[in-house]
Structure formats: C-alpha cells, structure tokens
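Residue numbers begin at 1 in each chain, while the letters A, B, ... track the order of the sequences. All heavy atoms count here, side chains included; hydrogens, waters and symmetry mates do not. Note that this is a predicted model, so its numbers are computed, not measured.
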Amino acid sequence: MSDLTERLVDLLTRQVGVDEAGLRAEATFDELELDSLVLIEFALILKKEFGVVVEDGELTPNLTVQGTAKLLEAKGVMV
Amino acid sequence: MSATAAVVCGLGGYLPPTVVTNDQLTTELDTSDEWIRSRTGVVTRHVVEPGVATSHLATEAGRRALISADLPAADAVVLATSTPDRSCPATAPEVASNLGMAGRPAFDVAAVCTGFVYALAVGTGMIAAGLAGTVLVVGADVFSTILDPRDRTTRVIFGDGAGAMVLRAGDPDEPGALAGFDLGSDGSRAELIQVPGGGSRQRSALAGAAALTSAADLLQAGDPYFRMAGKAVFSEAVQRMAESARTVAAGVGWSLSDVDMLVAHQANKRILAAVGLQLGLRDQQIATHLDRVGNTVAASVPLALADTALAGRLAVRDRVVLAGFGGGLTWGAAAMSWPAIQPVCSHPPQIPAAATAAAPTGGNPHV
C-alpha cells in the first residue's frame, strides 16, 4: 500500500468511521457501504487534509481507496 | 468598538402543535424511518393547520421573546422569512400590529435559511445607528405550504416554526452582546435552492406568450414548489458555514476551542457533523435540535439556541457562534456571549429527571 493509500485508510477509519477490519484498499466505496452523502463528506475531508478540490461526482461508488489515491496523485497530491 | 452594541435581552420560540412522525410520512412516500433518520437525522417535525400562516407563528414567537425580555414592546420589527403570508405586502407590519406595535418600523428580510443571522445584523445596525433602542428580530417559516408532497428529498426534512430575539442598545462587554458578524452571498448559484414560479420572472416571461385566459393558467405555467439540489447544497453548506464560523470567531479574537456552543442552521445532522469535523469541534459544542423539529428555515437558529439554553447547556457569558447557510446562495455567522435570560418556548425540551439532578452549576435555571 502506498503512503497516500495508507493516509486515506486512516482518514476513512478515524474520521469517516469505516470499520478498520473490513477496509481493504481494493474495496469499492459501494462495497464499503458508503452512501452518496458520505462521499461528499469524504471529499470535504480530503479538501481539508490535502488542500485538493474533489468535485461532486469524482468519488463514484465503484471507486476504490487505491483508485482515490491515484485520483489525488493526478491532482498533484504528494505524501 | 465605541459604537453602541446590540445586546440580546430576550428569546422566544413557537412551534405549531401538530406533529408529523417519520412513520406517518412513509404511508405517503417511498421512504422509511431508518432512511430518514440516517440521511437527515429528523425524527419529528411540526406543521401548521390549514389557515395558519407565517404571521401567526411569528406573532407567537415574538410575544414569547418580549415576555422573556420583560418588555411590552420593541421599537422595530425585523422578520426573516421566505414564506411570507403574501408576496405583497411584507409580513412584519402585520406582526407588529398583532403585538400592539402598530406605527413602528417593520419589514421582512429574505435570505432563506440564513435569514435570522441577516436579520440580526440588520437589527444590530439599526441600534448602532440610533434608529431604534430595541428591535424584535423574528425568524419564521411555513415550508410545509410550499413543499411538493411527492418529493421525498424535501418533504422529510422541513418543519414549520418561529423563533425571536429582542435586542436592546448596550455595551459591547455585556453578556448578550452581539460582538461580530460575517455575511456573504453567491448569486451565481441561485438555482440550487428555489421556488421557480410565482414571481416576476415567471410573469414577465409569460407576458410575451400566448394570451392567458385566467390566473389559473398563470400559476400552472411555473413550478410552485420548493426545489433543492441536495448534493451540491450539502457541500456548499458545510464549507460556507464552517468558513463563516471560523471567520467570525477569529474576528472577535476567539479560537475555535474557545467556542462553547456552535448554533448552526439545522439543515441536516450530517451537515452539522461535517461542519463540526471541519472546525475540530466536539459533539458537546454543537447544538442539535433538528431531530425534533426538522429544518425550520429562518426559525432554525433561534429555536436551536432556545432549546440548547432550556436544556441547561449554556452558562452566562458562554461564547456562542450562530451560523446559517441558505438559498441565494447566502451564508452568515454571528458571535455573541450568552446573557442571563430565560427563553420562553411553546415546546421546551423534555429534560429527564436524571439529567436535571446532574445539571451543571452556574447555568441558567430550568423553567
């Protein structure tokens, strides 16, 4: 797991409240049972944490945590 | 600041007696109590009986605020609402007359869910300018009258109600003084929260259309219901309220950990949680009232403040930040210290016996 993916897992467990036991980096948000409001909340957390803007619709239900890390890297986030 | 400060000296709230539960809504909408609770946090909301309108709720809340302030009247009435009794005239003059205050200046402020904070700023300005020694500021809405009964995204969220404060001229150092404001708007996103029809835009557009034969034709041509783009609004609400609260606190020299209570517009419990997360606040620092009354629009902030105080969660001089976000788009926040007043509400919180036994010392006495 890359450092950024690890940070995302940490944010999801500590701030979003996802159960650590079931959290795999390859799981989709849908599989993790995160509804659309949670994805908006997560986008706001990412903005606060990394200063990056994630538009409504970029965090899709079939995006994985790993995929989110790639999305952030493409936006210039470096850990 | 040497200008005269506006000091909060009374607080009142009024909810229409009829309560609608989530289970009652599920008989008419494709939804469930569990879905409503988890997505919005609302369990019950109050709705007006047929024939009851904003002026009635505003009058009752205003009456209670004046009792709380131990004053027979105020020098002016400022009413925040986006569901006025009529589009013309404003509702405030009738409310003033109902309260025995005919002759005083009275007008409406339209800023949807930011309305009360905007109206407080206006009342504060009137006092600072010496235009009034006391101002009755009311937030009242009856959104049940503009909701699409088939729209589960809005019908489960909103409730009717009214809250009111009495402001008087005083010193900036007094408990109850409104110490600072931060207000803003973004009209480029006006379409996110709206009632599309019924106004001059619709009428003007139709003026060029084929001749309309009746008022019924005119009404049918525009969407008369309240519409809201939920996801975009969610994101904006969290960011704007958090930023505005942060700005107003910094402006009066408070760190966020200094804030004893954030009384934010009760739009949705997930929005409140997200704002709390953005600002690093603990749950105890965030007022929660929407579970019992839903989103009461302009009444939301004063009702939540009254509820929090009556539950014994505020002590005199506690640092309180009020925050709102609504259609316009508009947003705003105000910083105040809690005064030694007793709010008067038609539906005070039911405080369990165990909680009253453990009530914090130094707080306001329970009713």
Looking at B:Arg45 and B:Asp160, is there a salt bridge between them, counting it only when a charged N and a carboxylate O are closer than 4.0 Å?
no
Give every donor-acceptor pair between chain B and chain A closer than 3.5 Å, one pair per line, or write none.
unit_1   : atom_1 : unit_2  : atom_2 : d
B:Arg39  : NH2    : A:Ser36 : OG     : 3.4
B:Gln239 : OE1    : A:Lys47 : NZ     : 2.5
B:Arg270 : NE     : A:Glu41 : OE2    : 3.1
B:Arg270 : NH2    : A:Asp35 : OD1    : 3.1
B:Leu277 : O      : A:Lys48 : NZ     : 3.3
B:Gln278 : O      : A:Lys48 : NZ     : 3.0
B:Gln278 : NE2    : A:Leu44 : O      : 3.2

Side chains of B:Thr26 and B:Asp23: is there a donor and an acceptor less than 3.5 Å apart?
no
Considering only heavy atoms, which portion of A:Ile45 lies under 4.5 Å from any heavy atom of chain B: side chain, backbone, both, or neither?
both
Would you say B:Gln285's side chain and B:Val259's backbone share a donor-acceptor pair under 3.5 angstrom?
yes
Check: B:Ser244 side chain, B:Met241 main-chain N or O, donor-acceptor pair, under 3.5 Å:
no
Could you go step by step and tell me if B:Glu191 and B:Arg227 meet the salt bridge (Lys or Arg N to Asp or Glu O under 4.0 Å) rule?
CA-CA 9 Å; B:Glu191 78 291 351; B:Arg227 302 295 177 199; over 6 Å; no
Flag the pair B:Asp260 and B:Arg319 as a salt bridge only when some basic side-chain nitrogen lies within less than 4.0 angstrom of an acidic carboxylate oxygen.
no
